[in-house]
Amino acid sequence: MGEILRFPGPDRPTAPAPEPEPLWRELVGRELHRERHHRGERLVDVAQRAGVSVQYLSEVERGLKDPSSEMLHAIAGALDLSVRRLAVRAGRPDALALAA
């Protein structure tokens, strides 16, 4: 049968809930934001080169929009990144945080 779960009570402390794993769009957005800041560029400059609106790029960077592969290609290209390189960097956020 199943496992018996005990409800927290005054005599049983509650364990902190584990942090949820970030979504792919959030990881990609963080990498795009990190690269743009590393290059010292403004949202408007990158958005113009990518052919997207500033609002759209901002939402992608914040992980609110899930861009199509074509949009991701355009935004990454505006930052001189390939989609493949962006995906590798987004897939290894811990390794990059140590290197930064």
Side-chain angles (χ1 to χ4, degrees):
M1 291 210 53
E3 183 180 332
I4 296 176
L5 300 176
R6 296 191 177 270
F7 288 104
D11 60 334
R12 290 183 222 104
T14 58
E19 184 123 353
E21 193 171 327
L23 298 173
W24 179 250
R25 69 175 185 242
E26 294 168 338
L27 294 172
V28 168
R30 285 182 205 157
E31 280 309 310
L32 290 170
H33 180 80
R34 185 178 296 155
E35 181 63 24
R36 183 176 59 78
H37 272 263
H38 176 73
R39 294 168 56 108
E41 297 202 57
R42 301 177 307 161
L43 275 168
V44 66
D45 299 325
V46 175
Q48 187 175 26
R49 285 197 311 271
V52 299
S53 72
V54 173
Q55 180 179 348
Y56 183 79
L57 178 57
S58 174
E59 290 174 345
V60 169
E61 283 190 1
R62 289 181 288 143
L64 302 176
K65 291 280 187 196
D66 202 354
S68 67
S69 59
E70 291 84 3
M71 287 296 196
L72 198 56
H73 184 271
I75 296 168
L79 291 166
D80 297 322
L81 287 174
S82 68
V83 174
R84 178 178 294 186
R85 183 70 189 136
L86 177 62
V88 168
R89 288 172 55 174
R92 299 181 49 192
D94 296 335
L96 291 175
L98 295 174

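Because the structure is predicted, anything quoted here is derived from the model rather than measured. Positions are given from 1 along the sequence.
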Counting only N and O atoms by type, is there a donor-acceptor contact under 3.5 Å from the side chain of [X] to the main-chain atoms of [Y]?
| X | Y | result |
| --- | --- | --- |
| R30 | A90 | no |
| R25 | K65 | no |
| E26 | L23 | yes |

State the [atom1]-[atom2] distance between [X] and [Y], to the nearest 0.5 angstrom.
| X | Y | atom1 | atom2 | result |
| --- | --- | --- | --- | --- |
| L32 | L81 | CG | CG | 7.5 Å |
| S68 | L72 | OG | CG | 8.0 Å |
| R89 | L27 | CZ | CG | 13.0 Å |
| L57 | R62 | CG | CZ | 10.0 Å |
| E31 | R34 | CD | CZ | 4.5 Å |
| I75 | Y56 | CD1 | OH | 5.5 Å |

- Task: For residues V54 and V44, report the shortest heavy-atom separation together with the two atoms involved.
- Result: CG2-CA, 3.7 Å
- Item | Least distance between heavy atoms, V46 atom then A78 atom |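 Closest pair (atom of V46, atom of A78, distance): O-CB, 3.7 Å.
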- Item | Verdict with reasoning, R36 to E41, per salt bridge (charged side-chain N to carboxylate O under 4.0 Å, His left out) | CA-CA 5 Å; R36 183 176 59 78; E41 297 202 57; over 6 Å; no
- Message: Is there a continuous path of hydrophobic side-chain contacts, each under 4.5 Å between heavy atoms, that joins W24 to M71?
- Response: yes
- Query: With respect to H37, which candidate in H33, R39, E35 satisfies the side chain to side chain donor-acceptor pair (under 3.5 Å) definition?
  - Reply: H33
